[in-house]
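Worksheet: the structure to be examined is printed underneath.
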Amino acid sequence: YENNPAYFETYGCLYNWYTATSGNICPDGWHLPTFEEWEQLRNFIAGEGHQNQEGNALKTTTGWEGNGNGTNNYGFSALPGGSSMTSWDSAPFYRVVGYIGFWWSEIETSSTRARDLLLNNDRTDFDWHNDDKQRGFSVRCVRDQ
């Protein structure tokens, strides 16, 4: 976020996939979620009466642009931290803060791409993307069993 402390305090850090999966982001006894763990969360929420509203049930009740706030039914408190990318001249730039939140999974889909969860301000569901590993996204750690 171009070292803007207001963004850091609100959204935390954005990590590329390599850093997110390095083993140094999550504390001991925690890990980056697998695709199956994200799907387990989605299925649980849907089974609790939030079918096609899974993303809405995870989003915070404030902070999402365009009336995109959620209900935060499960205390997940998802915020729209946006993403970082590298432009054509290799300078980082930040996109969609306030509108979209991205979270890495540990699932690698190719040598340059990995799967991530996306929550959008104008959607209530839970969406999957397959993005470039260089992009900076949020992370959410899961406790080891």
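Small disclaimer: the values here were computed from a predicted structure and weren't measured. Side chains included, hydrogens not; waters and symmetry mates left out as well; all remaining heavy atoms used.
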> To the nearest 0.5 Å, how far apart are CG in Asp131 and OG1 in Thr109?
Replying inline: 9.0 Å
>> According to side chain to side chain contact (heavy atoms under 4.5 Å, CB included), who are the partners of His50, at least two apart in sequence or on a separate chain?
In response: Ile45, Glu48, Gln53, Ala57, Asn73, Tyr74
>> How close do Val139 and Ala20 get, counting heavy atoms only, and between which atoms?
In response: CG1-CB, 3.7 Å
> For Cys13, what residues pass the disulfide bond (SG atoms under 2.5 Å apart) criterion, not counting sequence neighbours?
Replying inline: none
> If you look only at pairs with a residue in residues 17-29, which of them pass as a side chain to side chain donor-acceptor pair (under 3.5 Å), with sequence neighbours excluded?
Replying inline: Asn16-Thr19
>> Applying side chain to side chain contact (heavy atoms under 4.5 Å, CB included), can you list everything that pairs with Pro27, at least two apart in sequence or on another chain?
In response: Trp30, Cys141
>> Within this structure, what is the OG-CG distance for the pair Ser77 and Asn72, rounded to the nearest 0.5 Å?
In response: 4.0 Å
> With Tyr99, which residues qualify under ring pair (Phe, Tyr, Trp, His ring centres under 6.0 Å), at least two apart?
Replying inline: none
>> Measuring from atom CD of Gln51 to atom OG1 of Thr124, what distance do you get when rounded to the nearest 0.5 angstrom?
In response: 10.5 Å
> Is the backbone of Leu119 close enough, under 3.5 Å, to the side chain of Lys59 for a donor and an acceptor to pair up by distance?
Replying inline: no
> In chain order, what residues pass the salt bridge (Lys or Arg N to Asp or Glu O under 4.0 Å) check against Asp127, with sequence neighbours excluded?
Replying inline: Arg123
> Going by atom types alone, do Thr61 and Asn69 pair a side-chain donor with an acceptor below 3.5 Å?
Replying inline: no
> Run the side-chain contact (heavy atoms from CB on, under 4.5 Å) check on Trp128 and Leu118 step by step: do they pass?
Replying inline: CA-CA 6 Å; Trp128 285 106; Leu118 178 147; over 6 Å; no
> Do Leu79 and Phe76 share a hydrophobic cluster (ILVMFWY, side-chain heavy atoms under 4.5 Å, transitive)?
Replying inline: no
> Any sub-3.5 Å donor-acceptor pair from Asn121's side-chain atoms to Ile100's backbone N or O?
Replying inline: no
> Which residues satisfy the ring pair (Phe, Tyr, Trp, His ring centres under 6.0 Å) test with Tyr7, sequence neighbours excluded?
Replying inline: Tyr1
> Under the side chain to side chain contact (heavy atoms under 4.5 Å, CB included) test, which residues partner Gln40, sequence neighbours left out?
Replying inline: none
> In chain order, what residues pass the side chain to side chain contact (heavy atoms under 4.5 Å, CB included) check against Thr112, with sequence neighbours excluded?
Replying inline: Ser110
> What closest approach, in Å, do His31 and Cys26 show between heavy atoms, and which atom pair accounts for it?
Replying inline: C-SG, 3.6 Å
>> Are Phe44 and Leu117 linked, directly or through intermediate hydrophobic residues, by side-chain heavy-atom contacts shorter than 4.5 Å (ILVMFWY only)?
In response: yes
> Have Thr60 and Trp64 got a donor and an acceptor in their side chains that come within less than 3.5 Å?
Replying inline: yes
>> List the residues meeting ring pair (Phe, Tyr, Trp, His ring centres under 6.0 Å) with Phe102, not counting sequence neighbours, and say none if there are none.
In response: Phe137
>> Within this structure, what is the CH2-CG distance for the pair Trp103 and Leu58, rounded to the nearest 0.5 Å?
In response: 8.0 Å
> Which residues pass the salt bridge (Lys or Arg N to Asp or Glu O under 4.0 Å) test with Glu39, sequence neighbours left out?
Replying inline: Arg42
> Looking only at heavy atoms, which two atoms of Trp104 and Asp132 are closest? And how far apart?
Replying inline: CH2-O, 3.4 Å
>> Could you measure the distance from the CD1 atom of Ile25 to the CZ atom of Arg140? Nearest 0.5 Å is fine.
In response: 14.5 Å
> Which salt bridge (charged side-chain N to carboxylate O under 4.0 Å, His left out) pairs, counting each pair once, include a residue from residues 96-122, with sequence neighbours left out?
Replying inline: Glu108-Lys133
> Would one find more than 12 heavy atoms of other residues, nucleotides or ligands at under 6.0 Å from atom CG of Asn67?
Replying inline: no
> Can any side-chain N or O of Glu9 pair as donor or acceptor with the backbone N or O of Ala6 at less than 3.5 Å?
Replying inline: no
